[in-house]
Amino acid sequence: MTKSQQDTKPAHLQLQDENYELAIYEGSIGPSVIDVARLYSETGQFTYDPGYTSTASCRSTITYIDGEEGILLHRGYPIEQLADKGNFIETCFLLLYGELPNKQELTEFEAAITNHTMVHEQLEKFFHGFRRDAHPMAIMVGVVGALSAFYHDSTDISDAAQRRIASRRLIAKIPTIAAMAYKYSIGQPFVYPRNELDYAANFLHMCFSVPSEERPVNPVLARAMDRIFILHADHEQNASTSTVRLAGSSGANPFACVAAGIACLWGPAHGGANEAALDMLAEIGSVDRIPDYIARAKDKDDPFRLMGFGHRVYKNYDPRARVMQKTCHEVLEELGIKGDPLLDVAMELEKIALNDNYFVEKKLYPNIDFYSGITLKAIGFPSDMFTVLFALARTVGWIAQWNEMIEDPSQRIGRPRQLYVGATQRDYTPLDKR
Ligand code: SDX
């Protein structure tokens, strides 16, 4: 019984002539919840919430989103402050352990990550089974899943020490695997990590260096990459995080759970939207074609959606999109890219959409995926690498949420039920009678 249960009056449910009391729990901030865990055992009825629009799947202390106000907090810290004042490695520590690290903690954590960035040499063989034109996300699903075959010293998920090792290994190795996926897709040799580089600079080094010449990493681009990682690190119980939690609830190998999260993130309605948004901007091509696409986005009979727009939770501007837009301008300026036609289309599209009744009434605003593609393209990534970068950054969020689930004493295997509308029982019909 939590403190909040004692203070809050229960909800009352009347079913036929029965009255039921359902406990209500208050969070530290945000909506309270009605506990329906015993609804089926007491009433024989399920709740019904396809898409989980009104369902809290867990208690969490990691990330809080206020969709109406456009607020995103990680362990209470606003995303704008973390992106502006912090760095990705300390954000990883915060997400994993709940507090910002002091100097000694940060030094130890960063050294642990840096010294685990190399992957087992055998892992390289997995890449060579793919065609060179394989989508890098397909490679990520396969290779990250394969990690579950490499670390038998950290598969007992009931052992906190082994969970800690697995968590740090994943955070350390995911950039190396992502860079290898990129190198493989462009037919260049893999580049090893360098321990003297920080996390984001090391990633850019592994992606863009070649054995034939040193290519120093631009510190402005490394800072932009680090900030992009912070913006994508965690986001409450989104589809891919819920996938990792559900996979992990059966006690599955953490590397396999993260591979499941990568698979879910790939979808264009989720993390795949950054690739789809850039492809959309390229298809629109010029500002004068925007009205046609706005009309298509509003047409119920047209499956076209404005990619990078709308969000299940944000009914206001995604705070990450604002930081992303600022980063976009910084990167384009640093690279001397003036008048990027895709940026012109994006800025004009945003302006038109935010003044169009359809988008205003449905509270559709740019989300994190709207500007990220332009930025990542300017840094030098092809669009099929955008969701890989999202997965790279989100790995810490998945792992932090996975750890929280495993450590939750009320944790059980996730097993939703259904409203069955299929055939009622009938007897088998022999073939000659069909
Ligand atoms: C991410 O959950 C997270 O936190 C995800 C994420 C994270 O960090 O993990 O934030 C990352 O996935 C961001 C979202 C990226 N996806 C896109 O940008 C794809 C385009 N967006 C849409 O597909 C949509 O907005 C979703 C999937 C993001 C949200 O879908 P919902 O909540 O199920 O909303 P919906 O599809 O029911 O839309 C509500 C209405 C519908 O119209 P009606 O049926 O009410 O008439 O708004 C319309 C939709 O047709 N609508 C859009 C639209 N998004 C919603 N119309 C045109 N263009 C759009 N982009």
Side-chain angles (χ1 to χ4, degrees), residues 49-57 60 62-68 70-74 79 83 91 95 137 228-245 261-281 284 290 292-324 346 349-350 352-354 356-374 386-387 389-398 400-401:
D49 183 14
Y52 309 118
T53 46
S54 303
T55 294
S57 61
S60 183
I62 299 173
T63 291
Y64 174 72
I65 303 172
D66 181 330
E68 296 305 321
I71 291 169
L72 168 57
L73 308 177
H74 289 318
I79 187 66
T91 301
L95 289 170
M137 279 299 277
I228 291 168
F229 288 159
I230 294 171
L231 295 177
H232 288 81
D234 189 55
H235 211 239
E236 201 214 64
Q237 305 311 318
N238 59 83
S240 53
T241 298
S242 299
T243 300
V244 173
R245 277 180 171 260
I262 294 171
C264 176
L265 186 74
W266 192 2
H270 191 11
N274 53 18
E275 176 178 1
L278 194 83
D279 294 346
M280 173 193 74
L281 293 172
I284 294 173
I290 289 175
D292 291 349
Y293 282 84
I294 293 271
R296 286 188 55 194
K298 293 156 61 172
D299 179 354
K300 278 277 149 262
D301 300 324
D302 189 329
F304 174 77
R305 284 276 211 286
L306 279 190
M307 301 316 283
F309 254 81
H311 197 276
R312 171 61 58 79
V313 177
Y314 288 122
K315 303 309 171 190
N316 199 323
Y317 215 99
D318 181 338
R320 302 168 298 173
R322 287 194 199 288
V323 181
M324 197 74 243
L349 178 58
E350 176 187 347
I352 295 173
L354 294 185
D356 181 295
N357 272 343
Y358 173 91
F359 295 92
V360 173
E361 281 159 21
K362 293 181 186 299
K363 299 185 176 180
L364 302 174
Y365 291 84
N367 59 51
I368 189 165
D369 296 309
F370 190 64
Y371 284 103
S372 56
I374 299 167
F386 294 174
T387 312
L389 303 182
F390 195 149
L392 187 169
R394 187 54 58 87
T395 293
V396 62
W398 289 331
Q401 299 270 354

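Keep in mind the model is a prediction, meaning the values are calculated, not measured. Whatever order the structure lists them in is the order used to number ligands and atoms, beginning at 1. Counting from 1, the numbers follow the sequence of the chain as shown. Any value given below was found using the heavy atoms of this structure, including those in side chains, with hydrogens, waters and symmetry copies removed.
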What pairs with Tyr314 under side-chain hydrogen bond (donor to acceptor under 3.5 Å, both in side chains), at least two apart in sequence or on another chain?
His235

Checking Ser54 against Asp49: is there a side-chain donor and acceptor pair closer than 3.5 Å?
no

List by chain and number: which residues place a heavy atom under 4.0 Å from ligand 1?
His235, Asn238, Pro268, Ala269, His270, Ala273, Ala297, Lys300, Arg305, Leu306, Met307, Gly308, Phe309, Gly310, His311, Arg312, Arg320, Tyr358, Lys362, Leu364, Asn367, Asp369, Phe390, Arg394

Distance-minimising heavy-atom pair for Pro319 and Leu72:
CG-CB, 3.9 Å

Given the ring of Tyr358, does Lys362 sit roughly above its face, with NZ or CZ under 6.0 Å from the centre of the six-membered ring and within 45° of the axis?
yes

Less than 3.5 Å apart, any donor N or O on the side chain of His74 or Thr91 sitting next to an acceptor on the other?
no

Where the side chain of Ser60 meets the backbone of Ile62, is there a donor-acceptor pair that is under 3.5 Å apart?
yes

